[in-house]
Structure formats: structure tokens, C-alpha cells
2 protein chains.
Amino acid sequence: MTLKELSDLLGLSPTTVSRALNGYPEVSEATRKRVVAAAREHGYAPNTRARSLATGRAMAIGHVIPISAKHEMVNPVFADFIAGAGEVYSRNGYDMLLSVVPDDDEDAAYRSFLTKRNVDGIILHAPTLNDPRIPLLNTLGLPYVVHGRSSDTDAPYSWVDVNNKRAFQRATDFLLDLGHRRIALVNGLEHMDFAIRRRAGYEAALTARGIPPDPTLMYAGEMTEAQGHDLTRKLLARPDPPTALLVSSMITAIGVRRGIEELGLTMGRDVSLITHDDDLSYFRNGADIPVYTATRSSVRDAGRKAAEMLIDIMQGRDTPHHIMLEADLTLGLSTGPATRLAAGTG
Amino acid sequence: MTLKELSDLLGLSPTTVSRALNGYPEVSEATRKRVVAAAREHGYAPNTRARSLATGRAMAIGHVIPISAKHEMVNPVFADFIAGAGEVYSRNGYDMLLSVVPDDDEDAAYRSFLTKRNVDGIILHAPTLNDPRIPLLNTLGLPYVVHGRSSDTDAPYSWVDVNNKRAFQRATDFLLDLGHRRIALVNGLEHMDFAIRRRAGYEAALTARGIPPDPTLMYAGEMTEAQGHDLTRKLLARPDPPTALLVSSMITAIGVRRGIEELGLTMGRDVSLITHDDDLSYFRNGADIPVYTATRSSVRDAGRKAAEMLIDIMQGRDTPHHIMLEADLTLGLSTGPATRLAAGTG
DNA sequence: CCGCTTTTCCAAAGCGCTTTGAATATCCCA
DNA sequence: TGGGATATTCAAAGCGCTTTGGAAAAGCGG
């Protein structure tokens with residue numbers, strides 16, 4: 001069913017039917033009712049392609065999902081972020097276009113969004129230090145919002161981010177308060193902006209207490225379960241093992257825990273652990289006390305906020321273009337005073 | 001840059017330029033070269049919306065991501081499935097359109113794909129017993145492929161699925177061979193088709209050895225970490241605890257393991273565990289012996305296969321429209337003979 | 001009842017591409 | 001050298017919608 005068919009059916013011109021459906025004032029309320037009813041009855045909806053050709057707007061928002069070319073790894077937080085964003089898109093009549101590309105030719109994906117004109121805006125994921133995609137998007141001229149920030153970047157851009165530095169500073173402080181002095185950092189890849197900020201928070205907390213950060217206690221890499229495990233085994237095998245670990249991902253934390261328990265140690269007693277928790281639906285803590293003490297911030301909520309911001313920008317609304325989310329520090333069972341392990345080994 | 005501008009630039013008609021770029025034979029090789037070079041130089045790519053309006057093909061494939069309205073849960077395997085499918089789409093010039101909707105009005109999303117004509121085909125996720133979406137899609141007339149199957153459905157449809165029944169039958173058999181007799185099944189929601197088939201495999205293996213399936217050992221629910229944990233605690237607190245658990249998801253298995261170890265028991269010695277492993281990138285086992293004995297089948301690979309099948313169908317190629325993937329049974333550290341626990345409790 | 005404004009509707013152009021049908025240029029061989 | 005076949009190119013229509021500019025209908029005060 002096309003607009004023409006529907007208008008023939010109603011004995012009206014396509015113009016009138018179009019206006020009636022799009023809520024223009026130049027059509028009487030009576031005919032509008034009639035048109036809307038007929039459209040519903042015959043299941044008419046305008047052909048997206050024709051409409052967006054005529055209007056110049058694609059009514060779609062693009063996401064580029066980079067796949068680590070080396071490790072074929074897909075970031076597990078994407079699913080929840082996209083769930084949040086998608087919710088907002090649906091409510092506002094936008095489609096979500098996903099482009100899955102190896103992370104070494106992401107640029108092409110953005111350019112193609114522009115040349116093919118199939119999206120009106122873009123969400124940029126997983127920004128790195130001085131991310132080259134930001135100047136690229138600025139030259140392309142497509143509205144976009146970054147999920148995260150990019151340190152050392154001059155160019156202006158809109159973003160939604162968690163206060164990663166403060167979160168990890170607070171977490172480290174908390175561990176220090178518990179008496180821990182050797183605290184390991186198990187972080188994401190070091191060119192990732194969130195990892196940089198988390199490290200900054202961690203180092204700031206240590207330095208504030210006069211403890212020089214120990215590079216051998218700091219790890220940066222892919223956040224898989226296996227990495228968490230292997231690394232923990234290595235760290236705890238040292239003559240001077242850390243008494244606490246600060247971890248950047250729930251999935252890595254699970255591996256860390258496995259490593260701890262394989263050694264017959266108990267998390268929260270022998271070794272403390274704080275993890276960042278993106279509040280992924282399938283890892284959500286039950287009603288009782290959380291297993292992991294965590295810096296928690298819902299990535300799904302970030303998705304919603306980023307989507308809303310982007311839509312605002314595309315509609316020219318002059319909203320604040322930065323949203324800083326504060327992570328909760330939620331107390332769980334994985335942390336405890338450092339004394340016991342210190343006593344055990346000392 | 002539009003086609004017209006490019007053709008003016010070249011002193012050719014839009015027709016010729018279009019044909020040159022689309023590889024039609026009615027254009028001399030010399031001009032084709034010239035056109036292609038100019039297009040590349042000026043960064044010309046046809047406007048998707050105009051092109052698909054003219055051709056009638058959207059060059060996009062739709063996925064509906066249902067969010068459990070009750071639990072706000074997003075299926076963690078989606079990310080990897082989509083990564084696999086997206087890879088194939090990119091290679092073939094298709095876009096991926098995602099529609100995130102609460103799972104109680106999914107139908108509307110499919111209908112809207114049709115009326116808005118913004119996709120050429122659909123991938124159907126997470127089919128249930130006698131899934132109503134299959135007849136719906138058959139009436140809509142859009143090509144589609146189901147990731148999974150739908151038991152008790154008469155209507156024909158194309159699918160890519162894992163042989164869930166055989167996988168769980170083999171896994172159960174393996175546990176039986178190890179001497180286990182009380183084997184718990186921790187399954188997904190019972191209206192999900194994969195859960196039904198896995199249970200069928202589990203029951204078939206038991207029955208074949210004359211062991212009547214015990215309904216109190218069979219659980220069906222959301223596959224979260226917390227559920228796995230809570231359930232395990234309950235099961236192991238029974239006077240007649242199971243000596244082994246067969247679990248439908250890696251994430252649940254992690255919770256199960258937590259439950260086991262909280263009781264001071266050791267997985268693989270005191271309690272055995274086999275899980276289904278979708279080979280998600282961030283849970284991938286390292287090079288050494290896997291932690292979990294598992295029925296393993298890459299969901300990313302399933303995504304690739306489903307995408308290829310759908311594209312074949314859309315192009316009218318008469319390929320086989322069913323692909324049954326066999327899961328590996330990979331031996332890990334989480335399984336062992338039943339004797340010890342039996343000795344301990346008996 | 002007339003001339004004016006306001007309301008309501010419509011014809012036609014145009015968005016940027018593909019594709020049909022026709023026109024022109026080129027070729028080959030008698 | 002001419003005429004038919006073949007290789008190139010092009011003009012124009014059309015995909016289904018929105019939107020400009022205008023026409024017809026209705027309302028209104030004098």
C-alpha cells in the first residue's frame with residue numbers, strides 16, 4: 001500500500017493524505033481523522049526510503065562495532081549499551097544501524113555513513129587516548145556523541161561518560177583505608193581512555209598517601225576471564241603478592257576470583273577485590289549482599305542518555321552536551337581488612 | 001557529491017556513470033576506468049536511500065532484539081551472534097538494522113519492517129515452542145532465517161541451529177559414564193526451544209539407562225549468574241544432593257561454581273559440572289585445559305552461517321535452508337567420577 | 001450579495017538513483 | 001564504399017514520498 005493508493009481510496013490527493021498523517025495544520029480535523037483511520041485499517045506506513053529521500057533525513061543512527069582484529073573480541077558492554085540506546089531510538093522513531101568492522105578500518109565505516117547518507121547521527125564507542133575518530137567525525141560534519149571521552153584531544157565533542165577517575169580513586173582509597181598497601185590494578189588496554197582515567201584515579205589515591213605506584217603491580221590488557229585468572233596466578237605467586245586487586249571489568253574479576261580460589265585463598269578475607277561493574281543484566285547482583293565490592297554504573301543507562309543527547313543535538317536543541325555519570329561504590333563481600341594476609345605472609 | 005554532479009564533471013550522462021559503477025556490460029572499459037577513478041577521487045558513493053528507492057531493495061537486514069519486559073534482560077549471546085552476522089553483511093554490502101523492543105510487542109517490530117520497507121530480510125532470534133512469529137513472518141512474506149528452531153511448528157522455515165538434543169544427551173551420557181546418577185539440569189526458560197531440546201536430550205540419556213528423570217532436579221529460568229548460584233545452594237542443601245549439574249549457559253555456570261565453592265566443595269571433585277559454551281569471546285578458554293567441561297558451539301559462527309543463508313535466500317539461490325551444527329564435547333576440569341562424593345555422603 | 005481573508009485542498013516539482021528504450025558512433029565485410 | 005550488426009552513450013520515466021505555490025471553498029463584515 002502506497003500513499004497514492006491510499007489517497008485514491010480516500011478520494012483525496014497524496015498531498016492532503018501526507019499532511020494529515022504528518023500532523024500539518026493545513027488539513028481539517030475531520031479529514032485527518034478519516035485519513036488516520038484509513039491508514040490504520042489498511043496498515044499503511046510510509047516507505048522509509050522514499051520518505052527519507054524526500055526529507056533528506058534517514059531517521060537512523062549509526063553505531064560502529066569494532067571487532068578487535070587480533071583477538072576477535074567483541075566488547076561485552078555493547079549489548080547493554082545498545083539495549084539502552086535502542087529503547088530511546090524506538091521511542092523517537094529512529095532506527096539503529098550497526099556496522100561491524102575490524103577495528104583497523106573503522107574510519108571507512110564512518111566515511112561510508114556519510115557518503116551513503118544512511119544515518120543522521122553516530123554514536124562513537126570506546127574512545128582512545130587522542131582518538132583520531134573525533135577529528136574525523138568533526139570534518140565529516142555528522143552529529144555524534146561519544147560514549148566516553150578522549151584525553152589529550154583539543155577538538156570539541158559531546159560525550160556521556162562515567163567519572164572513571166573518581167570512581168577508581170575512591171575504590172583505591174577504600175582499600176587503603178582497609179590497610180591495604182600493595183594493591184594491583186588489572187586494567188583494560190592502555191590506549192583506552194577509560195583505562196587511562198582509572199589508572200589516574202588509582203595512582204592519585206596512592207600518591208596522596210605517599211605510596212609510589214608500583215608498575216609491576218599494574219596490568220593493562222584485554223578484559224577476558226582467562227586474562228584475569230592468569231594474571232592473578234602470577235601476581236599471587238610473587239614473593240611480595242598484592243593484598244588487594246582493583247579490576248576494570250566484572251568478567252575479568254570472575255577470572256581473578258578463580259585464580260584466588262585455586263590457591264585455596266578466600267576472596268574478601270585473604271585477598272580483597274574491587275571491580276568495576278557495568279551493571280550488565282545477566283551479572284546483576286541478587287537482592288542480598290553483592291558478591292563483589294564494586295564501582296557500579298549502569299552502561300544501559302549510559303546508552304539511554306547518549307541516545308537522548310544525540311537526538312537533542314540532531315534536532316538542534318541546545319542542551320548540555322556533556323553528561324558525567326558518577327559511579328556508586330557498592331560494598332560487597334569481596335573486600336576486607338588487609339591484616340590477615342599480612343599476618344599470614346609476614 | 002551526487003551522481004549528477006559526478007556525471008557533469010565527467011561530461012557523461014548519469015546513466016553511463018551509474019552503469020559504469022554498477023558493472024553493467026554496456027559501457028566501454030575505458031570510460032568505466034575513468035568513472036571509477038573519478039568516483040574514488042571525489043569520494044562518491046551512491047545515496048543509499050535514493051538507490052534503494054529506485055531498486056526496491058533496502059540492502060539492509062533486520063534483527064529484532066527483544067528485551068525481557070520483566071527482567072530487563074538482554075541475551076548475552078546476541079553480541080557475538082551479531083558480530084558474526086555483521087561481518088558477513090559488511091562483506092556483501094548489507095547494513096544491519098537493529099530494533100530493540102520489549103518482548104511483549106515484538107510483532108509490531110516485524111510488521112513495521114514490512115510496512116516501512118526498510119529491510120530486505122530478517123533474522124529471528126530465540127525461537128520458542130510453537131513460535132507465533134514464524135507464521136507471522138510467513139504471512140508477511142519477507143525472507144527470514146531463524147537462529148534456532150521451533151518445536152511443534154508446522155509452517156516451513158529456514159534455520160541454523162545447534163543440535164542441542166544430541167549435545168545434552170552426550171553430556172548426560174558422559175556424566176552417567178562417570179558414575180553420576182543424580183544429575184541436575186539447570187536450563188533456560190522452558191518455553192525456549194533450545195531449552196526444550198536440551199531437556200529432551202538429558203531425559204533421553206537418563207531413560208536409556210533406566211533412570212527416571214527427577215523433576216525436582218530440573219530447573220528452568222533466566223540464565224543469570226545469580227540464578228545459578230542460588231539454585232546450586234538450594235540443590236546442594238538437599239539431603240539427597242545431585243553429584244553433577246548440567247547447565248545451559250556459561251554465565252549460569254559461573255554462578256553454580258560460586259555456589260559450589262561457597263560450601264567448601266571443589267568443582268570436578270566433589271561436584272561435577274558440564275555447561276553449554278557459546279564460545280563467547282570474553283569467556284574463551286586459554287590455551288591450556290579448559291576450566292569447564294562443555295558442549296561447545298560458536299554462536300558467532302552460527303551468526304555467520306545464518307547471515308550467509310539469508311543472503312542466499314534473498315538472492316534466490318537454492319541452497320539448503322537448514323544447517324545443523326554439532327556441538328563439541330570438550331573435556332575440562334569441572335568433571336570427575338561420582339565415587340568420591342558418593343563415598344562422602346553415603 | 002460583494003469583496004476580502006482564511007481555511008482546505010491539490011497539481012506538480014523534486015529528492016538521487018536505476019532502468020527502459022532509443023539514438024548515435026563504431027565496426028566488419030561484401 | 002555502403003549497409004547491417006555491434007558497441008556506446010543518452011534522454012526520460014519512475015521509485016514513493018514531501019513540499020512549494022496556487023486554486024477552490026468557506027467564512028465574514030459591511
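Just so it is clear: chains get the letters A, B, ... in the order the sequence lines come, proteins before strands, and each one is counted from 1.
- Judged purely by atom type and a 3.5 angstrom limit, T153(A) has no side-chain atom pairing as donor or acceptor with the backbone of A155(A).
- Atom P of nucleotide dT18(D) and atom CD of E26(A) are separated by 13 Å, given to the nearest angstrom.
- Ring planes of H63(A) and Y89(A): perpendicular class, angle over 60° (limits at 30 and 60°).
- Minimum atom distance to the side chain of T15(A) is reached by dA11(C), of the listed dT18(C), dG16(D), dA11(C).
- If you measure from atom CG of N47(B) to atom C1' of dC17(D), you get 14 Å, rounded to the nearest angstrom.
- In this structure, S18(B) does not reach the dT19(C) phosphate: none of its side-chain N or O atoms is under 4.0 Å from OP1 or OP2.
- Looking at R117(B), its side chain never comes within 3.5 Å of a backbone N or O of A45(A) through a donor-acceptor pair.
- In this structure, K4(B) atom NZ and dA13(D) atom P are separated by 16 Å, rounded to whole Å.
- If you measure from atom CG of L21(A) to atom P of dC9(C), you get 13 Å, rounded to the nearest angstrom.
- Between T31(B) and dT9(D), a side-chain N or O to OP1/OP2 separation shorter than 4.0 Å is present.
- For the pair Y44(B) and dG16(C), the criterion of a side-chain N or O lying under 4.0 Å from OP1 or OP2 is not met.
- Remark: the backbone N or O of R300(A) is not paired with any side-chain donor or acceptor of D80(A) at under 3.5 angstrom.
- In this structure, CG of L12(B) is placed 17 Å from P of dT24(C), rounded to the nearest angstrom.
- Of the side-chain N and O atoms in T16(B), none sit less than 4.0 angstrom from OP1 or OP2 of dT9(D).
- Out of dT19(D), dT20(C), dG14(C), the shortest distance to the side chain of R19(B) is found at dT20(C).
- Out of dT8(C), dG16(D), dT9(D), the shortest distance to the side chain of A50(A) is found at dG16(D).
- At dT19(C), one or more side-chain N or O atoms of Y24(B) fall inside 4.0 Å of OP1 or OP2 (strictly under the cut-off).
- Not one side-chain nitrogen or oxygen of T2(A) sits closer than 4.0 Å to the OP1 or OP2 atom of dC15(D).
- If you check every strand for non-hydrogen atoms under 4.0 Å, S52(B) touches nothing.
- OP1 and OP2 of dG16(C) both lie 4.0 Å or more from every side-chain N or O belonging to R51(B).
- Taking only side-chain atoms of L3(A), from C-beta outward, the nucleotide of dT18(D), dC10(C), dT9(D) with the closest atom is dT18(D).
- A donor-acceptor contact shorter than 3.5 Å is absent between the side chain of R111(A) and the backbone of L140(A).
- Regarding L53(B), its CG atom lies at a distance of 12 Å from the C1' atom of dG14(C), rounded to whole Å.
- Across the protein-nucleic acid pair, R32(A) atom CZ and dT7(C) atom P stand 14 Å apart, rounded to whole Å.
- In this structure, the CG atom of D8(B) is 13 Å from the P atom of dG16(C), given to the nearest Å.
- Comparing T55(A) and V17(B) by the nucleotide of DNA chain D that holds the closest heavy atom to each, the one mapping nearer the 5' end is V17(B).
- In terms of position on DNA chain C, the residue among P25(A) and P14(A) whose nearest nucleotide sits closer to the 5' end is P25(A).
- Under a 3.5 Å cut-off, the side chain of S150(B) and the backbone N or O of N130(B) do form a donor-acceptor pair.
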